[in-house]
There are 2 protein chains.
Amino acid sequence: MTSQAADGPETVVASRRSKITPEREREFFDAVLEQIRECGYDSVTMEGVAASTRCSKSTLYRQWKTKPQFVAAALRASRRVRFAGIDTGSLAEDLRQAARAAGDWSGKDTRLLQALGHAVTSDQELARALREALVDPEIAALEEMLARGVARGEVRAGHPALEYIPAMMFGVLRVRPVLNGQYADADYLVRFVESAVLPALGLR
Amino acid sequence: MTSQAADGPETVVASRRSKITPEREREFFDAVLEQIRECGYDSVTMEGVAASTRCSKSTLYRQWKTKPQFVAAALRASRRVRFAGIDTGSLAEDLRQAARAAGDWSGKDTRLLQALGHAVTSDQELARALREALVDPEIAALEEMLARGVARGEVRAGHPALEYIPAMMFGVLRVRPVLNGQYADADYLVRFVESAVLPALGLR
DNA sequence: GTGTACCGGTACTGGACCGTATCGGTACAC
DNA sequence: GTGTACCGATACGGTCCAGTACCGGTACAC
């Protein structure tokens with residue numbers, strides 16, 4: 001919506017043809033997300049992003065009307081499902097692999113979620129973008145994982161713990177820095193799955 | 001440290017005697033914490049706090065040198081242990097009651113933690129105050145609860161899930177708004193304890 | 001070659017806010 | 001009654017930043 005760079009190079013519509021290549025756009029997005037992780041949403045400035053990517057503020061404002069819209073676009077563009085493709089045929093093993101995968105991006109995404117967590121309460125578009133980029137896809141993938149386990153008969157349908165598995169996984173991920181002063185690494189999460197998640201499901 | 005208002009009225013030390021009563025001070029603290037919950041740490045202004053408590057900025061700056069020190073003082077003063085006094089003689093019941101208690105202050109404290117979560121990464125004193133006020137006492141109370149259960153033989157010492165119980169409880173508490181769009185109420189938390197926490201511990 | 005439209009750079013406006021200074025009023029001590 | 005010291009109000013200096021305006025340069029179309 002904010003950029004038409006996704007269509008082919010021959011789509012001459014006599015419309016605005018930005019000279020910003022998709023690669024360049026990605027530099028802007030990476031820069032702003034990184035600065036948000038470091039300084040928090042409020043402290044990020046368009047000037048700072050422009051300086052760190054060696055473009056001018058005008059260039060940013062030509063593509064995106066306001067700072068929140070810019071950040072929202074960056075979030076949408078950063079969307080990717082980390083749990084995608086995990087399907088080992090065993091729910092226990094799926095969850096272990098998910099824990100390992102989560103451990104790898106834990107620091108970056110946790111910081112981003114934390115930094116945006118409050119800004120989101122006063123900007124609808126930002127909130128939607130954040131959910132769509134970092135939250136919903138992972139939840140959906142996790143729930144599919146659980147559904148497959150149920151379909152295979154590993155867990156009884158309607159097992160009361162099922163409802164809480166996503167909250168447990170993401171919850172532990174997010175609060176570990178507060179409790180232990182360090183981000184949840186793969187090792188910590190795998191042990192969590194084996195010590196608490198699987199037993200709660202009556203597995204293993 | 002920032003206020004000597006705690007000593008008796010007859011402590012005449014020929015030193016600065018602030019005319020700020022403890023009740024008045026509490027108004028300042030309540031106001032700033034409430035504004036942090038609503039607008040986030042960065043957006044809170046000393047002017048706003050002064051206006052909402054009908055004092056002058058000068059009054060605030062006379063008592064506290066800077067905004068972060070003011071906020072830290074407010075946090076320290078708001079310290080109280082929500083899990084205090086829970087000791088039913090049964091770990092399962094202790095945890096249910098803790099869940100109920102947590103549900104009651106969930107919204108307020110979760111918002112505060114979220115709003116301050118990023119500010120603390122760049123201010124040591126603030127970080128310490130936040131931990132001492134909202135995190136450490138609850139963790140300690142929870143761990144005592146678990147230790148009592150172990151001592152009574154309800155859970156085997158060294159049970160692998162023990163280490164993760166605090167993270168589970170606080171994690172679920174904090175991420176529920178992100179996942180379900182609402183704060184974790186007592187009902188949700190009690191069901192969580194029964195569906196996931198107790199089974200993970202091999203209880204019930 | 002000429003036009004067009006976007007690029008980066010810079011300067012500017014307008015507003016917000018931190019922290020300080022100043023001032024008149026007032027409660028309390030003696 | 002007089003002094004003292006804190007109170008609230010207000011104004012101010014300095015800084016920072018969102019968003020706009022303008023400019024010269026340049027790549028690309030034809």
Side-chain angles (χ1 to χ4, degrees), chain A residues 2-5 8-25 27-28 31-32 35-36 38-74 119 122-123 125-126, chain B residues 2-5 8-25 27-28 31-32 35-36 38-74 119 122-123 125-126:
Chain A
T2 48
S3 159
Q4 304 89 336
E10 301 309 319
T11 324
V12 181
V13 217
S15 78
R16 299 185 181 283
R17 285 250 298 144
S18 168
K19 289 175 184 165
I20 309 280
T21 64
E23 292 76 24
R24 186 72 169 131
E25 195 179 58
E27 284 180 44
F28 297 154
V32 70
Q35 292 195 15
I36 288 173
E38 277 177 14
C39 318
Y41 176 80
D42 285 338
S43 303
V44 163
T45 69
M46 296 297 260
E47 247 157 316
V49 175
S52 76
T53 55
R54 315 212 315 166
C55 78
S56 85
K57 254 200 309 182
S58 323
T59 303
L60 298 180
Y61 277 108
R62 257 176 239 127
Q63 308 286 329
W64 301 279
K65 302 286 179 209
T66 66
K67 169 176 156 181
Q69 284 179 27
F70 175 44
V71 173
S122 53
D123 189 307
E125 186 186 357
L126 214 52
Chain B
T2 47
S3 158
Q4 305 90 333
E10 301 310 318
T11 324
V12 181
V13 215
S15 78
R16 298 185 182 286
R17 285 250 298 144
S18 168
K19 289 175 185 166
I20 309 280
T21 65
E23 292 74 24
R24 185 70 170 133
E25 197 180 57
E27 282 180 44
F28 297 154
V32 70
Q35 291 195 15
I36 288 174
E38 277 177 15
C39 318
Y41 175 80
D42 285 338
S43 302
V44 163
T45 69
M46 298 296 261
E47 246 155 318
V49 175
S52 77
T53 54
R54 314 210 316 164
C55 77
S56 86
K57 254 201 311 181
S58 324
T59 303
L60 298 180
Y61 277 108
R62 257 177 239 128
Q63 308 286 329
W64 302 278
K65 302 286 180 209
T66 65
K67 170 176 153 181
Q69 285 180 27
F70 175 43
V71 173
S122 52
D123 189 307
E125 185 186 358
L126 214 51

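Just so it is clear: chains get the letters A, B, ... in the order the sequence lines come, proteins before strands, and each one is counted from 1. In this text the structure is predicted, and so the values were computed from the model without any measurement.
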The criterion is salt bridge (Lys or Arg N to Asp or Glu O under 4.0 Å); which residues satisfy it with Arg62(A), sequence neighbours excluded? none
Of all residues at least two apart in sequence or in a different chain, which pass the side-chain hydrogen bond (donor to acceptor under 3.5 Å, both in side chains) check with Thr59(B)? Ser56(B)
Where DNA chain D forms stems, i.e. three or more consecutive Watson-Crick or G-U pairs with both distances under 3.5 Å: C:1-30 with D:1-30
Whole-Å distance, Gln69(B) CD to dC18(C) P, equals 15 Å
Residue pair Cys55(A) / Arg24(A), side-chain heavy-atom distance below 4.5 Å: yes
Where is the tightest heavy-atom contact between Leu126(B) and Ala72(B), given as atom of each residue plus distance? CD1-N, 3.7 Å
Taking atom P of dA18(D) as reference, at what distance in whole Å does atom CZ of Arg62(A) sit? 17 Å
Side chain to side chain contact (heavy atoms under 4.5 Å, CB included) partners for Ser122(B), two or more places apart: none
Mapping Lys57(B) and Arg24(B) to their closest nucleotides on DNA chain D, which lands nearer the 5' end? Arg24(B)
Just the rounded figure in Å: distance from C1' of dG8(D) to CG of Leu60(B). 11 Å
Round to the nearest Å and state the distance from Asp123(A) atom CG to dA18(D) atom C1'. 15 Å
Name the closest nucleotide to the Tyr61(B) side chain, picking from dT20(C), dT22(C), dC7(C). dT20(C)
Members of residues 43-54 of chain B that approach DNA chain C, where some heavy atom sits under 4.0 Å away: Val44(B), Thr45(B), Met46(B), Glu47(B)
All salt bridge (Lys or Arg N to Asp or Glu O under 4.0 Å) counterparts of Glu38(B), not counting sequence neighbours: none
Quick note, Gln63(A) side chain, CB onward, closest among dG9(C), dG8(D), dC7(C) is dC7(C)
What's the closest nucleotide to the side chain of Thr59(B) if the choices are dG8(C), dC18(C), dC7(D)? dC7(D)
Can you name the nearest heavy-atom pair linking Thr53(A) to Val49(A), along with the distance? OG1-O, 2.8 Å
Say you draw a straight line from CD of Glu27(B) to CD of Glu25(B); how long is it, rounded to the nearest 0.5 Å? 11.0 Å
Value in whole Å for how far the P atom of dG19(C) lies from NZ of Lys65(B): 12 Å
Could you tell me how far apart Ile20(A) (CD1) and dC28(D) (P) are, to the nearest whole angstrom? 14 Å
Taking every heavy atom of Ala74(A) against every heavy atom of Val32(A), the minimum-distance pair comes out as CB-CG1, 3.6 Å
ring-ring contact (aromatic ring centres under 6.0 Å, His included) involving Phe70(B) - partner list, sequence neighbours excluded: Trp64(B)
Under 4.0 Å between any heavy atoms, over every strand shown, what does Ser58(B) touch: base, sugar-phosphate, or nothing? Just pick one. base
Protein-nucleic acid N or O pairs under 3.5 Å, nucleotides 13-15 of chain D:
none

Distance in angstrom units between Asp42(A) CG and dC17(D) P, rounded: 12 Å
Applying side chain to side chain donor-acceptor pair (under 3.5 Å), which residue pairs with at least one partner in residues 39-52 of chain A are found, sequence neighbours left out? Gln35(A)-Ser52(A)
